[in-house]
Visitor: 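Can you read through this structure? Questions will come right after.
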Amino acid sequence: QVQLVESGGGLVQAGGSLRLSCAASGRTITTYRMGWFRQAPGKEREFVATISWSAGSTSYADSVKGRFAISRDNAKNTVYLLMNSLKPEDTAVYYCAADTRPLPVTYVRLADFGSWGQGTQVTVSS
């Protein structure tokens, strides 16, 4: 089982940027499909972005398309989420997720990912 640890969260003003990192250990993520999800207070966890094992394919939620970018560095066993033009509604705990099943990046349900990190808080002030 791969272990995932998120970092890079914090408090930022609206319009600002943050880059989240997800460091994996225990297994190499070379063959893992990776994703980012988020959960705001009182809301269900929702899909943000996914990336294929080769980084050749990505998928984004409509709410973040054009503002967020997911990337991966398999040599560092790390996945990133660059968040630009942040809005107060982006405030949430952000979770990294991983899965070995060869599913397309359009598979974005929680059940499509078997491993999860503990999350990192992102707060965007207006």
Side-chain angles (χ1 to χ4, degrees):
Q1 189 82 349
V2 65
Q3 288 80 47
L4 305 172
V5 178
E6 303 93 337
S7 62
L11 174 63
V12 63
Q13 288 188 331
S17 299
L18 281 175
R19 189 180 79 157
L20 305 183
S21 299
C22 171
S25 62
R27 295 274 183 94
T28 175
I29 62 168
T30 304
T31 58
Y32 279 69
R33 177 172 43 91
M34 303 295 294
W36 286 96
F37 290 73
R38 67 186 182 185
Q39 187 167 15
K43 295 188 177 181
E44 295 186 349
R45 194 172 299 189
E46 65 177 8
F47 158 71
V48 175
T50 57
I51 187 168
S52 63
W53 68 270
S54 67
S57 297
T58 57
S59 179
Y60 296 92
D62 288 343
S63 59
V64 306
K65 203 171 293 183
R67 299 188 298 123
F68 290 12
I70 188 171
S71 62
R72 65 191 297 161
D73 186 337
N74 286 341
K76 295 183 178 179
N77 233 29
T78 302
V79 177
Y80 305 97
L81 184 68
L82 177 61
M83 307 185 293
N84 294 319
S85 302
L86 282 162
K87 304 175 181 180
E89 50 263 45
D90 294 318
T91 295
V93 177
Y94 283 71
Y95 297 90
C96 179
D99 200 87
T100 57
R101 288 170 288 179
L103 301 175
V105 293
T106 49
Y107 279 59
V108 298
R109 302 174 305 160
L110 300 184
D112 294 327
F113 291 84
S115 299
W116 293 84
Q118 293 299 307
T120 184
Q121 175 71 45
V122 172
T123 303
V124 184
S125 63
S126 57

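Only a predicted model underlies this, so the values are computations on that prediction, with no experimental measurement involved.
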Visitor: Would you give the length of the straight line joining atom OG of S25 to atom CD of Q1, rounded to the nearest 0.5 angstrom?
Guide: 11.0 Å

Visitor: If you group Ile, Leu, Val, Met, Phe, Trp and Tyr by side-chain heavy-atom gaps below 4.5 Å, do F37 and M34 land in one group?
Guide: no

Visitor: Measure from NZ or CZ of R45 to the centre of the six-membered ring of Y95 and say whether it is under 6.0 Å with the direction within 45° of the ring axis.
Guide: yes

Visitor: Locate the shortest heavy-atom distance separating N84 from S17; write the atom from each residue and the value.
Guide: OD1-OG, 2.8 Å

Visitor: Let me check something: do Y60 and L18 share a hydrophobic cluster, defined by ILVMFWY side-chain heavy atoms less than 4.5 Å apart, either directly or through other members?
Guide: yes

Visitor: Of the options I70, I51, D73, which is the one that meets Y80 in a side-chain contact (heavy atoms from CB on, under 4.5 Å)?
Guide: D73

Visitor: Under 3.5 Å, is there a donor-acceptor pair between the side chain of E6 and the main chain of Q118?
Guide: yes

Visitor: Once disulfide (SG to SG under 2.5 Å) is applied, what residue pairs with a partner in residues 43-78 remain, sequence neighbours excluded?
Guide: none

Visitor: Among residues at least two apart in sequence or on other chains, which ones pass salt bridge (charged side-chain N to carboxylate O under 4.0 Å, His left out) with D112?
Guide: R109

Visitor: Who passes ring-ring contact (aromatic ring centres under 6.0 Å, His included) against W53, sequence neighbours left out?
Guide: none

Visitor: Looking only at non-hydrogen atoms, find the nearest pair between S21 and T78 and report the distance.
Guide: CB-CG2, 4.3 Å

Visitor: By the definition side-chain contact (heavy atoms from CB on, under 4.5 Å), identify the one residue from L4, V2, T28 that meets it with N77.
Guide: T28

Visitor: For the hydrophobic clusters of this structure (ILVMFWY residues joined by side-chain heavy atoms under 4.5 Å, transitively), does one cluster hold both F47 and W116?
Guide: yes

Visitor: Any idea which heavy atoms bring G35 and F113 closest together, and the distance?
Guide: N-CE2, 3.8 Å

Visitor: Counting heavy atoms not belonging to K43, are there more than 12 under 6.0 Å from its NZ?
Guide: no

Visitor: Residues in side-chain contact (heavy atoms from CB on, under 4.5 Å) with S57, at least two apart?
Guide: S52, V105

Visitor: Are F68 and W36 close enough that some pair of their side-chain heavy atoms sits under 4.5 Å apart?
Guide: no

Visitor: Would you confirm whether D99, through its side chain, and G114, through its main-chain N or O, come within 3.5 Å as a donor-acceptor pair?
Guide: yes

Visitor: Does E44 offer a backbone N or O that forms a donor-acceptor pair with the side chain of E46 under 3.5 Å?
Guide: no

Visitor: A side-chain contact here means heavy atoms from C-beta on lying under 4.5 Å apart; do R101 and Y107 qualify?
Guide: no

Visitor: Does anything in residues 22-126 pair up under disulfide (SG to SG under 2.5 Å), and if so which pairs, sequence neighbours excluded?
Guide: C22-C96

Visitor: Is there a chain of hydrophobic side chains (I, L, V, M, F, W, Y, each step under 4.5 Å between heavy atoms) that links M83 to L11?
Guide: no

Visitor: State plainly whether one hydrophobic cluster holds both Y94 and Y32, where clusters connect Ile, Leu, Val, Met, Phe, Trp and Tyr through side-chain heavy atoms under 4.5 angstrom apart.
Guide: yes

Visitor: Look at the side chain of T91 and the backbone N and O of V124, then say whether any donor-acceptor pair between them is shorter than 3.5 Å.
Guide: yes

Visitor: Nearest heavy-atom pair of I29 and R72: which atoms, and what distance?
Guide: O-NH2, 2.6 Å

Visitor: Measure across Q3 and G26 and return the closest heavy-atom pair with its distance rounded to 0.1 Å.
Guide: OE1-CA, 3.7 Å

Visitor: Do V64 and R38 have side-chain heavy atoms sitting under 4.5 Å apart?
Guide: yes

Visitor: Would you name the heavy atoms of V79 and S71 that are closest together and state the gap between them?
Guide: CG1-O, 3.3 Å

Visitor: Under the rule for salt bridge (charged side-chain N to carboxylate O under 4.0 Å, His left out), what residues qualify as partners of R67, not counting sequence neighbours?
Guide: D90

